[in-house]
A.B. asks: 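Below is a structure I'd like to ask you about.
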Amino acid sequence: MRWSHYPQPIGVFDSGVGGLTVLRALQQQLPHESFLYLGDTARLPYGTKSAATVTRYARQCAKILAERGIKMLVVACNTASALALLQLRQDFLEIPVVGVIEPGAAAACEASIKGHIAVIATEGTIQHGAYEHAILTLRPQAKVISKSCSLFVALAEEGWVEGPIVEAVARAYLQPLFAAKDADLPDCLVLGCTHYPALLTAIKSAVP
Ligand code: DGL
């Protein structure tokens, strides 16, 4: 039987409420499924913590959802997807465990015409090189540049998603990524963090 035929919910977790952007997309794609969402707001952010800590937190979140009987686990957090997905797949062999990095990388490879892709994400995700690796696996000739934008998470958590302060922070992070001459400019920007879509207007105002 395919996983979609089982009646149990799909478990989704993130370090906080940012993953609700992923949940919303899942609900749109799979309107007949039920979901169980865990946001680990008590321990946010994951993006600045060590790989060992993020993996420990991710395993604890996954265990809580698994104990409630889920048929699939979606790791909505990019940092946890980058640092803990392999461990989670080993822990939960009996259910599919899906992260957000590979689908995000695939979407970027499809959207980019030149194959010159910029990635913004948390420190943990960028240091791990997760998006770069996933993009280059799919499109070996791609050119990938990346930057961590840690303040974006704090701004989104504060509800500061628009206005001059957010736009100034967005410019400070993003303009160096888009400083090249026209032919060398990235033609695709990956928002590799659950919180960044909340700042989309400011981010768009800072890139060509
Ligand atoms: N959920 C994290 C991610 O997508 C962002 C917030 C955090 O640092 O915990 O990487």
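Numbers here simply count residues along the sequence, with the first being 1.
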A.B. asks: Flag yes if L191 and V153 sit in one hydrophobic cluster, no otherwise; membership is Ile, Leu, Val, Met, Phe, Trp, Tyr, and two members link when side-chain heavy atoms are under 4.5 Å apart.
C.D. replies: yes
A.B. asks: Looking at Q141, I'd like to know if its CD atom is crowded, meaning that more than 12 non-hydrogen atoms belonging to other residues, nucleotides or ligands lie closer than 6.0 Å.
C.D. replies: no
A.B. asks: Is the number of heavy atoms from other residues, nucleotides or ligands under 6.0 Å of H116 NE2 greater than 12?
C.D. replies: yes
A.B. asks: Give a yes or no on whether V190 and F178 share a hydrophobic cluster (residues Ile, Leu, Val, Met, Phe, Trp, Tyr; joining criterion: side-chain heavy atoms under 4.5 Å apart).
C.D. replies: no
A.B. asks: More than 12 foreign heavy atoms under 6.0 Å from CD1 of I113: is that the case here?
C.D. replies: no
A.B. asks: Output every pair passing ring-ring contact (aromatic ring centres under 6.0 Å, His included) with a member in residues 35-78, not counting sequence neighbours, ordered by first then second residue.
C.D. replies: Y46-Y57
A.B. asks: As an exercise, state the distance from SG of C77 to NE2 of H195, rounded to the nearest 0.5 Å.
C.D. replies: 9.0 Å
A.B. asks: Assess the residue pair V54 and H128 against the criterion (side chain to side chain contact (heavy atoms under 4.5 Å, CB included)); give the C-alpha distance rounded to whole Å, side-chain angles, the decisive distance to 0.1 Å, and a yes or no.
C.D. replies: CA-CA 12 Å; V54 172; H128 191 264; over 6 Å; no
A.B. asks: If you measure from SG on C109 to CD1 on I117, what distance do you get to the nearest 0.5 Å?
C.D. replies: 4.5 Å
A.B. asks: Who are the ring pair (Phe, Tyr, Trp, His ring centres under 6.0 Å) partners of F13, not counting sequence neighbours?
C.D. replies: none
A.B. asks: Would L20 and L65 show up in the same hydrophobic cluster when neighbours are defined by side-chain heavy atoms closer than 4.5 Å?
C.D. replies: no
A.B. asks: My understanding is that only residues two or more places apart in sequence, or in another chain, count here; which of them pass side-chain hydrogen bond (donor to acceptor under 3.5 Å, both in side chains) with Q127?
C.D. replies: none
A.B. asks: Rounded to the nearest 0.5 Å, how far apart are OG1 of T21 and CG of D14?
C.D. replies: 7.5 Å
A.B. asks: Would you list the atom pairs, donor with acceptor, under 3.5 Å between side chains in residues 24-34 and any protein atom, with sequence neighbours excluded?
C.D. replies:
{"unit_1": "E33", "atom_1": "OE1", "unit_2": "K71", "atom_2": "NZ", "d": "2.7"}
{"unit_1": "E33", "atom_1": "OE2", "unit_2": "K71", "atom_2": "NZ", "d": "3.4"}

A.B. asks: Can you tell me how far CZ of R43 sits from CZ of R56, rounded to the nearest 0.5 angstrom?
C.D. replies: 7.0 Å
A.B. asks: Each residue besides L86 in its hydrophobic cluster should be listed here, by chain and number; the cluster joins Ile, Leu, Val, Met, Phe, Trp and Tyr at side-chain heavy-atom distances under 4.5 Å.
C.D. replies: none
A.B. asks: Quick one: are R68 and L38 in side-chain contact, heavy atoms under 4.5 Å?
C.D. replies: no
A.B. asks: From the options T194, V74, V100, select the one residue that forms a side chain to side chain contact (heavy atoms under 4.5 Å, CB included) with S81.
C.D. replies: V100
A.B. asks: Taking all heavy atoms of I135 and all of A142, pick out the closest pair and write down the distance.
C.D. replies: CG2-CB, 3.9 Å
A.B. asks: Would you give the length of the straight line joining atom NZ of K63 to atom CD of E67, rounded to the nearest 0.5 angstrom?
C.D. replies: 4.0 Å
A.B. asks: Taking side chain as C-beta onward, heavy atoms only, is V75 less than 4.5 Å from V97?
C.D. replies: yes
A.B. asks: Residues in side-chain hydrogen bond (donor to acceptor under 3.5 Å, both in side chains) with T41, at least two apart?
C.D. replies: none
A.B. asks: With clusters defined by side-chain heavy atoms of hydrophobic residues (ILVMFWY) lying less than 4.5 Å apart, directly or transitively, does I101 cluster with L189?
C.D. replies: no
A.B. asks: Please determine whether residues V98 and I10 belong to a single hydrophobic cluster, defined as Ile, Leu, Val, Met, Phe, Trp and Tyr linked transitively by side-chain heavy-atom distances below 4.5 Å.
C.D. replies: yes
A.B. asks: Considering only heavy atoms from C-beta outward, does the side chain of T79 approach that of S15 to under 4.5 Å?
C.D. replies: no
A.B. asks: Taking all atoms of both residues into account, what is the closest heavy-atom pair of T122 and S148, and its distance?
C.D. replies: C-CB, 3.8 Å
A.B. asks: Hey, what do you get for CD1 (I64) to CD1 (I70), rounding to the nearest 0.5 Å?
C.D. replies: 11.0 Å
A.B. asks: Please give me the minimum heavy-atom distance between R139 and K114, naming the atom from each residue.
C.D. replies: NH2-C, 3.6 Å
A.B. asks: Is K143 reaching over with its side chain to a backbone N or O of D184, donor-acceptor style, under 3.5 angstrom?
C.D. replies: no
A.B. asks: Could you work out, with ring pair (Phe, Tyr, Trp, His ring centres under 6.0 Å) as the rule, every residue matching Y196, not counting sequence neighbours?
C.D. replies: F152
A.B. asks: Once side chain to side chain contact (heavy atoms under 4.5 Å, CB included) is applied, do any residues pair with L177, and if so which ones, sequence neighbours excluded?
C.D. replies: A118, I120, I145, K147, L174
A.B. asks: Looking only at heavy atoms, which two atoms of A156 and V161 are closest? And how far apart?
C.D. replies: CA-CG1, 4.3 Å
A.B. asks: Which residue pairs pass the side chain to side chain donor-acceptor pair (under 3.5 Å) test when at least one of the two sits in residues 83-112, sequence neighbours left out?
C.D. replies: R59-D91, Q87-D91, S112-D187
A.B. asks: How about CG on L151, more than 12 heavy atoms from neighbouring residues, nucleotides or ligands closer than 6.0 Å, or not?
C.D. replies: yes
A.B. asks: Quick one: which residue pairs count as a side chain to side chain donor-acceptor pair (under 3.5 Å) with a foot in residues 164-178, not counting sequence neighbours?
C.D. replies: none
A.B. asks: So which atom in A105 and which in A134 form the shortest heavy-atom distance, rounded to 0.1 Å?
C.D. replies: CB-CB, 3.6 Å
A.B. asks: Can you list the residues that meet the side chain to side chain contact (heavy atoms under 4.5 Å, CB included) rule with A121, with sequence neighbours excluded?
C.D. replies: T125, I126
A.B. asks: May I have the list of side-chain donor-acceptor pairs in residues 198-208 shorter than 3.5 Å, sequence neighbours left out?
C.D. replies:
{"unit_1": "S205", "atom_1": "OG", "unit_2": "A202", "atom_2": "O", "d": "2.7"}

